[in-house]
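Both ligands and their constituent atoms are indexed starting at 1 by order of listing. The analysis underlying the following values was restricted to heavy atoms, covering all of them including side chains, and did not include hydrogens, waters or symmetry mates.
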Amino acid sequence: MRNLTDQDLAHLLDTPIFHQIGKTADEMGVECYVVGGYVRDLFLERPSQDIDCVVVASQSVREQAGEERPGIQLANTLGKRLGRGAHVSVFRNFGTAQVKYHGSEIEFVGARRESYSHDSRKPIIEDGTLEDDLDRRDFTINALAVCLNEHRYGQLVDRFDGLYDMEDGIIATPLDPDITFSDDPLRMMRCIRFATQLNFRIEDETQAALSRNAERIKIISRERIIDELNKILLSPIPSIGFIELSRSGLLPLIFPELAALEGVEVRNGRAHKDNFYHTLEVLDNVATMGGDLWLRWAALLHDIGKPKSKRWEPVAGWTFHNHNYLGQRMVSSIFRRMKLPMDERMAYVEKLVLLHMRPIAIADEIVTDSAVRRLLFEAGEDISDLMTLCEADITSKNQTRKQQFLDNFQLVRQKLDDLQARDNYRTWKNPITGEEIMQIFGIPPCQEIGQLKQAVKDAIWDSLIPNEYQAARDYMFAQAQKMGLTPVQDPSTLENSKQ
Ligand code: ATP
Ligand code: MG
């Protein structure tokens, strides 16, 4: 965080648009402040897209304006001032307006006082002072305001020592955290989201209030929860958020499948690893490796099938057979419930969950061409992401074993590159079609056709024959003969099969 005096702030906000806002406010006889995330991010030197402004109008100015809300009025006047190039959108129901100007989006709203009743998320909103407005904000670091009126340009209002909290890296609510969270339980998700994005610590009282109010998250819509969860996932160290979600008791409420990964069971002195913490390690690895949101989702869900597949076997100990398959089948119900897109992005996550052990299984043995080809074929264009996920999944504490895996993994990558260059197995098609086989042997659709096609595929993929039509046809004929099939076609076209 950098220290900024009011003069520094005036300098940072020294752009035509902010001055125009200040001048408009002066003319209207109202106060105007830039507030919240934009101010916070000035201190933290983070890029910030949206700008929020609060307009404070005295009782007499409000009476003069009649029905027109102060935020809307300022936005409209500003829009006229800026002329062409400014675009004003008014949201009358919310009493807000947005001005778009040269790539900036500025939202205007009148200062508000809010009061909540227990069983609803909808507060009663009244006009208020700047102080009222800052009181209802979620965190001290989000309750900073900078004045834009010309005579106070750049003056910081910091009612709750937000600067100190920013310096110490602390997330705390301005007022009693129990009230803040109970009034709007989404703030609990935001709390954990900001702690994760900024790598800040949640202040103890605020932390305790999270646990006490966790149940209230149930009144928040899935859409708003998933927005925050995705922001946690996209943070530099996403595990911070999931650990806080677990610690506060929110995790089982919003994501029971993930909570079920937690814990270690011991039998006969043998323990399995804690799959929750393992998953978080994989997720952090994928984040470090630059994975996008969907690769991060795949990392989060890669072992989601483990609790369902867990068995104790006297000799082998703990096993999780088919957990990848069970996990793949859980993806769609999770996506549906969480209001995540059920399109090709979900199919991608399903595919990665299903295949997440394949590269490592290959790397564990002698790395053959045919195994790598099969992998390439099944993963298709997602092969590189699958390799990233699989490499991230190597979290063994045994350094020798880990190094061995990583070395073998390099070999798989090398072979993938070689093969991709040599023959394009990603879009591989069997040179022999079912129709062709039916025609040649005069047979209806039957099992033998599938067997012949599979035999050709195996032969090509195991490098027994080249990936070419003539070789495939010859091979198919030889196999068919063994199965007792005889061709019905004109023998002159079947020259290659005669022996
Ligand atoms: P980001 O834009 O990075 O998500 P932000 O802090 O700007 O972070 P916004 O959702 O854009 O978050 O909200 C802007 C400001 O409005 C916040 O900084 C905060 O002061 C206030 N705010 C937003 N949501 C809430 C809420 N649920 N309860 C209280 N105050 C809120
Ligand atoms: Mg914002």
Side-chain angles (χ1 to χ4, degrees), residues 1 32-56 71 91 94-100 103-116 120-125 128 130-146 156-163 165-166 170-200 206 209-210 213 216-217 219-221 223-236 241 250 293:
M1 173 204 170
C32 185
Y33 299 83
V34 51
V35 286
Y38 189 82
V39 180
R40 177 197 68 221
D41 290 341
L42 282 179
F43 283 91
L44 294 175
E45 297 178 79
R46 295 172 83 228
S48 179
Q49 303 90 349
D50 44 335
I51 303 170
D52 295 293
C53 287
V54 163
V55 183
V56 189
F91 308 96
F94 297 96
T96 66
Q98 189 191 55
V99 177
K100 284 193 187 160
S104 314
E105 283 183 15
I106 310 155
E107 179 117 353
F108 292 90
V109 62
R112 289 180 288 188
R113 184 168 63 199
E114 288 180 3
S115 44
Y116 289 80
S120 163
R121 262 207 51 258
K122 297 243 169 348
I124 301 159
I125 300 176
L130 177 68
E131 287 70 28
D132 291 330
D133 195 275
L134 297 178
D135 285 356
R136 66 169 188 88
R137 294 189 177 259
D138 47 7
F139 306 108
T140 60
I141 61 168
N142 287 346
L144 302 171
V146 179
L156 179 74
V157 180
D158 179 9
R159 232 166 109 67
F160 305 103
D161 283 337
L163 284 194
D165 284 349
M166 232 188 293
I170 286 176
I171 307 288
T173 55
L175 304 177
D176 180 345
D178 279 307
I179 295 172
T180 302
F181 290 151
S182 176
D183 278 352
D184 177 4
L186 182 73
R187 293 169 182 162
M188 298 192 282
M189 291 300 298
R190 286 175 59 91
C191 174
I192 293 176
R193 186 255 288 193
F194 284 119
T196 314
Q197 280 182 327
L198 305 176
N199 198 358
F200 276 22
T206 305
L210 282 179
N213 293 278
R216 293 215 12 101
I217 199 66
I219 65 167
I220 300 298
S221 74
E223 286 84 352
R224 299 183 78 201
I225 291 176
I226 200 66
D227 267 357
E228 298 299 328
L229 206 59
N230 281 340
K231 285 179 182 172
I232 291 172
L233 274 171
L234 283 170
S235 299
L250 282 163
L293 180 63

Ignoring hydrogens and geometry, is there a side-chain-to-backbone donor-acceptor pair from Asp41 to Leu44 under 3.5 Å? no
Identify the residue among Leu144, Val54, Val157, Asp158 that makes a side chain to side chain contact (heavy atoms under 4.5 Å, CB included) with Leu134. Val157
Between Asp135 and Arg159, is there a side-chain N and carboxylate O pair less than 4.0 Å apart? yes
Quick one: pull up OG1 in Thr140 and CG in Asn142 and give me the separation to the nearest 0.5 Å. 8.0 Å
Counterpart residues, ring pair (Phe, Tyr, Trp, His ring centres under 6.0 Å), relative to Tyr38 (two or more places apart): Phe18
If only atom types and distance count, is the side chain of Arg193 paired as donor or acceptor with the main-chain N or O of Leu229 below 3.5 Å? no
Working to the nearest 0.5 Å, report the span between CD1 of Ile171 and CD1 of Ile192. 11.0 Å
Asp165 meets the salt bridge (charged side-chain N to carboxylate O under 4.0 Å, His left out) criterion, sequence neighbours left out, with none
Students should find this: residues with any non-hydrogen atom under 4.0 Å from ligand 1. What is the answer? Gly36, Gly37, Arg40, Asp50, Asp52, Arg136, Arg137, Asp138, Asn142, Asp184, Arg187, Arg190, Arg193, Phe194, Lys231
Could you count the protein N, O or S atoms found under 2.8 Å away from the Mg ion (ligand 2)? 1
May I have the step-by-step check of salt bridge (charged side-chain N to carboxylate O under 4.0 Å, His left out) for Asp138 and Arg190, ending in yes or no? CA-CA 8 Å; Asp138 47 7; Arg190 286 175 59 91; 2.6 Å; yes
